[in-house]
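Below is one structure, written out as structure tokens; the observations come after it.
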Amino acid sequence: MIEIIFLGTSAMAPTKDRNHTSIFIRRFKEYMLFDCGEGTQRQLKIAGISPQKISNIYLSHWHGDHMLGLPGLVQTLGANNYDKTLQIYGPNHTKEKIKTLMETFPFEASIDYEAKDVKEGKVKETEDFVIKAFKLKHSAPCFGYRLEEKDKLRIIKKKLKEKGIEEGPHLNKLLKEKEILYKGKKITTSDICKVKKGKKIGYIADTGLCDNVYKIAKDVDLLICESTYAEEHREKAEEYLHLTGKQAAEIAKASNVKNLILTHFSQRYLNTKEILKEAKEVFENTKAAYDFMKVKVK
Ligand SMILES: [Zn+2]
Ligand SMILES: [Zn+2]
């Protein structure tokens with residue numbers, strides 16, 4: 001199960017109701033942030049998430065609305081004896097920039113961290129999932145991300161009974177080696193297992209339309225996509241390299257997406273009604289994010 005909480009859903013300027021961009025994603029014990037706009041640590045507090053549990057931060061780009069929350073968060077982690085090594089990923093000399101940032105602020109207590117420059121392709125891999133980065137088309141070097149759970153083999157107990165196979169460590173061996181000899185007979189995973197498909201989530205951060213948005217979106221269970229503008233400001237979207245809600249919906253429709261959530265709304269709109277309406281006309285399974293919106297992908 002993957003849990004997502006939108007900690008901030010505004011674009012360049014925060015509003016009374018919307019904080020700068022940050023998306024919290026939890027996959028079992030793995031606590032991650034995608035972007036860390038100003039005020040993210042307070043949003044975490046309101047959402048009831050302990051910042052101490054965050055282990056990985058993926059920055060899309062270095063525009064302030066996506067990263068200004070980092071120094072504050074790091075200060076709080078240091079003051080609370082953070083016991084992990086914070087992994088920070090991002091484009092455009094992130095490693096160097098984070099080093100400068102850590103030296104700029106006289107933090108009373110430092111934290112262990114590792115900053116990494118993101119290149120296109122696999123950014124992180126664990127036994128259970130991978131995170132891939134895709135270059136976007138924005139006024140600063142920018143990446144979108146895709147979290148892909150790996151497919152898992154599950155043993156069907158009924159099949160074990162049918163085939164007279166007892167439970168035990170030989171089953172772990174079977175899952176690992178895909179085939180074992182059991183009481184002189186060959187057993188393969190296809191005899192007694194089914195495949196549990198891994199879930200996929202895409203995050204399209206600030207961008208104009210480009211080929212990679214479709215690569216991020218392809219076949220995902222949930223697509224989170226920036227929708228800074230409504231169609232009436234399409235020209236502005238194109239000029240400043242952002243998307244409209246309708247364009248986000250067209251990407252979802254063309255990419256076999258299950259659900260679409262729009263976010264990163266310009267402060268010029270009193271609400272997201274128009275953007276959402278335009279998107280839903282193209283792709284029905286669309287929602288507009290709001291701060292502290294919770295979603296589960298299972
Ligand atoms: Zn932005
Ligand atoms: Zn930006």
Side-chain angles (χ1 to χ4, degrees), residues 4-25 32-44 57-73 88-94 97-98 101 117-118 120 133-146 201-213 216-217 223-230 233-248 251 260-269 271-272 275-276 279 288-293:
I4 297 129
I5 302 177
F6 289 83
L7 298 173
T9 56
S10 76
M12 205 171 74
T15 69
K16 189 164 67 66
D17 305 310
R18 294 183 187 276
N19 206 71
H20 272 162
T21 291
S22 182
I23 302 160
F24 168 77
I25 298 188
M32 314 167 229
L33 287 180
F34 286 80
D35 285 327
C36 187
E38 185 186 336
T40 293
Q41 59 164 325
R42 187 153 185 270
Q43 298 296 88
L44 283 167
I57 299 178
Y58 301 88
L59 299 174
S60 61
H61 62 307
W62 279 83
H63 278 162
D65 55 322
H66 296 258
M67 54 60 60
L68 281 175
L70 261 183
L73 180 63
I88 307 167
Y89 307 83
N92 199 20
H93 311 291
T94 284
K97 284 182 160 107
I98 294 288
L101 194 136
D117 295 332
V118 164
E120 233 177 351
F134 298 81
K135 236 180 225 164
L136 293 171
K137 189 180 166 188
H138 194 44
S139 49
C142 185
F143 282 90
Y145 294 96
R146 197 175 145 99
I201 295 172
Y203 170 40
I204 298 175
D206 298 15
T207 189
L209 208 55
C210 61
D211 288 348
N212 273 354
V213 295
I216 295 171
L223 178 64
I224 298 165
C225 187
E226 78 117 307
S227 306
T228 311
Y229 293 100
H233 298 118
R234 178 78 168 249
E235 275 175 26
K236 279 200 188 319
E238 281 165 15
E239 185 184 344
Y240 296 114
L241 295 170
H242 281 293
L243 296 170
T244 67
K246 188 183 176 191
Q247 285 178 303
I251 295 163
L260 169 66
I261 297 183
L262 310 176
T263 187
H264 195 274
F265 302 109
S266 163
Q267 57 165 336
R268 79 187 63 231
Y269 306 110
N271 58 54
T272 53
I275 296 180
L276 184 61
Y290 50 87
D291 285 20
F292 305 113
M293 179 189 197

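The first residue of the sequence shown is numbered 1, and numbering continues consecutively from there. Indexing begins at 1, ligand by ligand and atom by atom, following the structure's order.
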Counting only protein N, O or S atoms and ignoring waters, those under 2.8 Å from the Zn ion (ligand 2) are H61 NE2, H63 ND1, H138 NE2, D206 OD2

Those residues at least two apart in sequence (or on a different chain) that pass side chain to side chain donor-acceptor pair (under 3.5 Å) with E226 are T228, H242

Identify the two heavy atoms, one from L59 and one from L70, that lie closest to each other, and give their separation to 0.1 Å.
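Taking every non-hydrogen atom into account, CD1-CD1, 3.9 Å.
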
Sorted by chain and residue number, the salt bridge (Lys or Arg N to Asp or Glu O under 4.0 Å) partners of R146 (sequence neighbours excluded) come out as E148

Subject >> Centroid separation Y145 to Y58 less than 6.0 Å >> reply: yes

Checking one value in my table: which N/O/S atom of H264 lies closest to the Zn ion (ligand 1)?
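Closest to the Zn ion (ligand 1) among those atoms: NE2.
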
side-chain contact (heavy atoms from CB on, under 4.5 Å) filter on E238, not counting sequence neighbours, yields R234

With no hydrogens and no angle check, do the side chains of E120 and N212 hold a donor and an acceptor under 3.5 Å apart?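 Yes, side-chain donor-acceptor contact under 3.5 Å.
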
